Amino acid sequence: MSELTENTQKGTQLNLDEIMKKYDTESRFRSLDGWQAKLISILAVAMSLFHFYTSGFGLLLAQKQGAVHLAFTLALVFLLYPSDTSGKTRNRIPLIDFALAIIAATSAMYLVVFFDQLVTRSGLPTALDLTMGFILIATLLEATRRISNPILPGIAIVALLYCYFGRIMPPMIAHRGFNIARIINHMYLGTEGIFGTPLEVSSTFVFMFILFGSILEKTGLGKFIIDLSLALAGWSTGGPAKVAVVSSGLMGTVSGSSVANVCTTGMFTIPLMKSVGYESHFAGAVEAVASTGGQIMPPVMGAAAFIMAQILGVPYLTVVVAAIIPALLYYFAVMVQVHFEASRLGLKGLPFKELPKLWPLLKAKGFLLIPLIAIIYFLLAGYTPLKAAFYGILVSFVLSWLNKETRLTLPRILDAFEAGARGAIGVACACATVGLVVGMGTLTGLALRIANTIVTLAAAPAALITSNPIIAKEITKIFTLFFTMIASLLLGMGLPTTANFIVTSTMAAPALINLGVPPQAAYMFVFYFGIAADLTPPVALAAYAGAGISGSDPMKTGVTAFKLALAGFLVPYIYIYEPMLLFINYQTGSMIQAIISALLGVFLLAMSTIGFFKAKMSTIIRIIAFVGALGLLIPGTYTDIVGLALLLVIYIMQKMKEKKLKAQGIPITVADFNAASNK
């Protein structure tokens with residue numbers, strides 16, 4: 001790591017553990033020592049070894065694989081996470097939690113031990129089968145509450161109650177109702193409840209990619225990425241903020257947690273941004289927006305991307321390819337806004353002498369990027385994501401020995417395996433619990449009703465506006481997209497991204513598909529907005545974590561993050577109307593035009609958001625810039641021409657304004673104004 005990196009970290013007197021625990025519920029685990037800590041380590045390493053072995057040498061049957069995965073998960077959650085936040089059991093594991101860990105793991109492993117008998121009497125569960133199912137559902141809900149929050153298990157409980165009390169519900173959502181035995185049988189012994197697609201994906205692809213990221217982190221990839229970002233962008237205008245964007249984007253390729261990304265790279269980038277003149281709330285917001293975008297950045301992305309591939313029935317590589325252009329648009333928007341803000345403030349880059357040298361850095365540790373390249377190669381070569389992750393880990397093991405600092409010795413490997421298991425249990429709990437919600441939808445048929453209801457509600461405004469069926473259909477689509485976006489954002493305020501995606505993809509995405517939206521675009525739409533919830537006040541967890549590090553007001557940081565991510569809120573609408581941006585039925589010429597117009601639209605949008613280009617922009621010019629941005633972002637040659645014309649007008653006007661101000665000696669940037677005031 002560079003001297004600059006080390007000095008900045010030494011000067012950052014922040015308790016990152018406390019910030020993580022405040023804004024990331026998965027970080028609120030017990031601090032154990034002695035034999036209890038060793039027990040946790042043994043369980044976590046055993047969990048990782050199980051997944052590593054099965055991914056390389058053959059998975060168990062899906063239900064068995066999921067059951068073992070869930071048994072490890074529940075045991076670790078009850079041993080690691082206290083039942084409350086009072087702190088009374090922060091340093092020890094009480095007997096009740098040992099008992100709960102054993103009971104929960106037993107109820108999951110019951111499926112593995114008696115699998116053949118359960119298959120033989122399929123549909124005719126015994127009293128013991130139902131008892132084990134009830135225990136697993138109850139302990140799963142409690143475990144999810146501990147590691148997440150009460151919202152997700154609360155939604156699952158409502159779903160279970162709806163299954164039972166269907167006959168007394170309002171006519172629009174009523175059904176015949178099911179008895180407790182039928183509900184437990186469906187949720188526990190079937191393949192559309194707890195052990196459905198979400199948990200299947202969690203127990204295979206997701207776990208292995210989390211383990212892959214954990215191993216890369218132990219090789220020192222995180223430090224290398226920060227130094228590489230400094231060498232690439234630290235010298236430019238507002239360099240430290242661009243370092244935050246680049247490093248967080250690169251870190252996001254191997255980590256799917258917004259808050260964890262903020263705390264990992266933010267402890268370095270946020271103080272560095274503040275040191276060159278960025279305001280605290282802006283520094284925290286930049287890091288939050290950049291870190292959150294990591295979940296949409298190929299090749300790894302967030303856990304929901306693997307589930308999307310499974311739901312669509314397409315190779316994971318298809319999802320990765322589809323995400324490339326939207327992710328680049330997102331990060332281009334953030335980078336441009338950061339540049340304009342730096343220009344407005346008159347901030348400079350860091351001196352070259354303080355920055356790491358690019359070529360010596362690449363020669364010394366550039367090989368750390370090879371595992372990421374290897375993952376892409378394996379996916380392109382036709383390997384499954386599971387095999388790609390397995391071989392990626394093996395490549396990491398071998399390459400780590402090229403440098404003494406990065407060498408994966410046995411203690412480091414064990415630490416990585418333990419960290420991988422700890423990082424996966426939150427996703428596993430969310431996937432298993434949301435399986436209850438998905439199971440409710442398949443058991444009662446509610447998912448189809450909700451999709452039809454959304455379309456019906458969206459059609460009402462269209463009927464009032466026009467009688468033309470073609471125009472009415474387009475208006476209905478716009479309102480359906482808007483309602484789906486709101487639902488995704490609202491759910492995202494209380495649910496982890498993965499759970500949010502599964503719920504909205506089950507309930508809302510079908511409404512978009514019914515209107516003719518390509519399935520891949522529909523699922524990508526809800527995926528994006530589920531992630532965007534981490535940046536949307538009043539519950540913008542990633543932004544609040546950034547505020548905790550920067551020492552700024554959380555709400556102000558959240559609002560700033562929302563503004564910076566505005567392009568991210570528009571990008572999903574763009575690819576709904578221009579599916580070519582997801583490589584769906586694309587033609588090269590048209591696609592190039594769409595990409596260029598989208599980039600220019602994002603450029604104008606950044607101008608409008610920051611209010612600076614060459615010189616300060618008046619309110620009228622900012623409005624014109626916003627209109628021009630919409631013209632370029634909305635598909636169509638005529639709208640592109642309008643947007644380009646407005647861009648040209650703004651460029652000429654702002655260039656003339658800059659020239660005039662310089663001729664009159666009037667300060668243009670904040671730095672110029674401060675310098676003039678001091679004189």
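On a predicted model such as this, the values are computed, not experimentally measured, just so you know.
Annotation for Leu394: atom CG counts as buried by contact number, over 12 foreign heavy atoms lying within 6.0 Å. The number of heavy atoms from other shown groups lying within 6.0 Å of OH (Tyr377) does not exceed 12. In the displayed structure, Phe178 atom CZ is contacted under 6.0 Å by more than 12 heavy atoms of other residues, nucleotides or ligands. Residue Leu95 qualifies as open at atom CG: its count of foreign heavy atoms under 6.0 Å is 12 or below.
Distance alone, capped at 3.5 Å, is enough to place a donor-acceptor pair between the Thr54 side chain and the His51 backbone. Between the side chain of Thr139 and the backbone N or O of Ile135, at least one donor-acceptor pair lies under 3.5 Å. The closest donor-acceptor contact from the side chain of Arg167 to the backbone of Ala174 lies at 3.5 Å or more, if one exists at all. Between the side chain of Gln295 and the main chain of Ala532, no donor-acceptor pair closer than 3.5 Å is present. Remark: side-chain polar atoms of Lys218 are not paired, donor with acceptor, to backbone N or O of Ile413 under 3.5 angstrom. Distance alone, capped at 3.5 Å, places no donor-acceptor pair between the Ser48 side chain and the Val45 backbone. Between the side chain of His186 and the backbone N or O of Thr442, no donor-acceptor pair lies under 3.5 Å. In this structure a side-chain-to-backbone donor-acceptor pair under 3.5 Å is missing from Arg422 to Ala44. A donor-acceptor pair is defined here as one N or O able to donate and one able to accept, closer than 3.5 Å; no such pair exists between the side chain of Ser148 and the backbone of Arg145. Remark: the backbone N or O of Tyr81 is paired with a side-chain donor or acceptor of Arg146 at under 3.5 angstrom.
Between Val201 and Cys431, every side-chain heavy-atom pair lies at or beyond the 4.5 Å cut-off. Ile184 has its side chain out of reach of Asp129: every pair of non-hydrogen atoms, C-beta onward, lies at least 4.5 Å apart. Side-chain contact between Leu368 and Thr406 is present, with heavy atoms from C-beta onward closer than 4.5 Å. Phe205 is listed as a side-chain neighbour of Gln310, based on a closest heavy-atom distance under 4.5 Å. Within the 4.5 Å cutoff, the side chain of Phe134 has no heavy atoms near those of the Thr131 side chain. Looking only at side-chain heavy atoms (C-beta outward), Val438 and Glu192 stay at 4.5 Å or farther from each other. Taking the side chain as every heavy atom from C-beta outward, Val319 and Phe306 never approach each other to under 4.5 Å. Annotation: side chain of Leu379 is not in contact with side chain of Tyr383 (no heavy-atom distance under 4.5 Å).
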| request: Please report the C-alpha distance between Tyr162 and His175 in whole Å, then the side-chain angles of each, then the deciding distance to 0.1 Å, and finally whether the side chain to side chain contact (heavy atoms under 4.5 Å, CB included) criterion is met. | output: CA-CA 9 Å; Tyr162 173 72; His175 61 89; 3.4 Å; yes

| Stepwise, does the ring pair (Phe, Tyr, Trp, His ring centres under 6.0 Å) test hold for His69 with Phe50? | CA-CA 9 Å; His69 178 66; Phe50 165 76; 8.4 Å; no

| field | Intermediate values then yes/no, side chain to side chain contact (heavy atoms under 4.5 Å, CB included), Arg92 and Gln36 | value | CA-CA 8 Å; Arg92 62 181 179 83; Gln36 292 187 343; 4.1 Å; yes

| task | Run the numbers on Phe390 and Phe52 for ring pair (Phe, Tyr, Trp, His ring centres under 6.0 Å), then give the verdict. | result | CA-CA 7 Å; Phe390 176 78; Phe52 183 69; 4.9 Å; yes

| task | Please assess Met109 against Thr106 for the test side chain to side chain contact (heavy atoms under 4.5 Å, CB included), listing each intermediate value before the final yes or no. | result | CA-CA 5 Å; Met109 289 301 294; Thr106 301; 5.8 Å; no

| field | Thr484/Thr504 under side chain to side chain contact (heavy atoms under 4.5 Å, CB included): CA gap, chis, key distance, verdict | value | CA-CA 8 Å; Thr484 304; Thr504 51; 5.7 Å; no

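To the nearest 0.5 Å, the span separating CD1 on Ile375 from CZ on Phe209 amounts to 4.5 Å. Between Leu74 atom CG and Ile425 atom CD1 the span is 9.5 Å, to the nearest 0.5 Å. Here Met132 contributes atom CE and Leu189 contributes atom CG; the two are 12.0 Å apart, rounded to the nearest 0.5 Å. If you take NZ on Lys64 and CG on Leu59, they are separated by 13.0 Å, rounding to the nearest 0.5 Å. One finds the CD atom of Gln520 at 11.0 Å from the CD1 atom of Ile513 (value rounded to the nearest 0.5 Å). The line from CD1 of Ile307 to CD1 of Ile311 is 7.0 Å long, rounded to the nearest 0.5 Å.
Taking the ring centroids of Phe525 and Phe529, they lie under the 6.0 Å cut-off. Aromatic rings from Phe78 and Phe98 are positioned such that their centres are separated by 6.0 Å or more.
For the pair Leu141 and Ala156, the tightest heavy-atom approach, listed with the atom from each and the gap, is CD2-CB, 3.7 Å. Of all heavy-atom pairs between Gly190 and Phe195, the closest is O-CB, 4.2 Å. Here the closest heavy-atom approach between residue Tyr188 and residue Ser107 is recorded as OH-O, 2.7 Å.
A side-chain donor-acceptor contact under 3.5 Å links Thr144 and Thr433. Side-chain atoms of Gln65 and Thr204 form no donor-acceptor pair, as typed in the model, at a separation below 3.5 Å. For the 3.5 Å distance criterion, the side chains of Ser41 and Glu418 qualify, holding a donor opposite an acceptor.
Of the charged side-chain nitrogens involved, at least one lies within less than 4.0 Å of a carboxylate oxygen, so that Arg30 and Asp97 count as a salt-bridged pair.
Using cut-offs of 30° and 60° for the angle between ring planes, the Phe378 and Tyr391 rings count as tilted.
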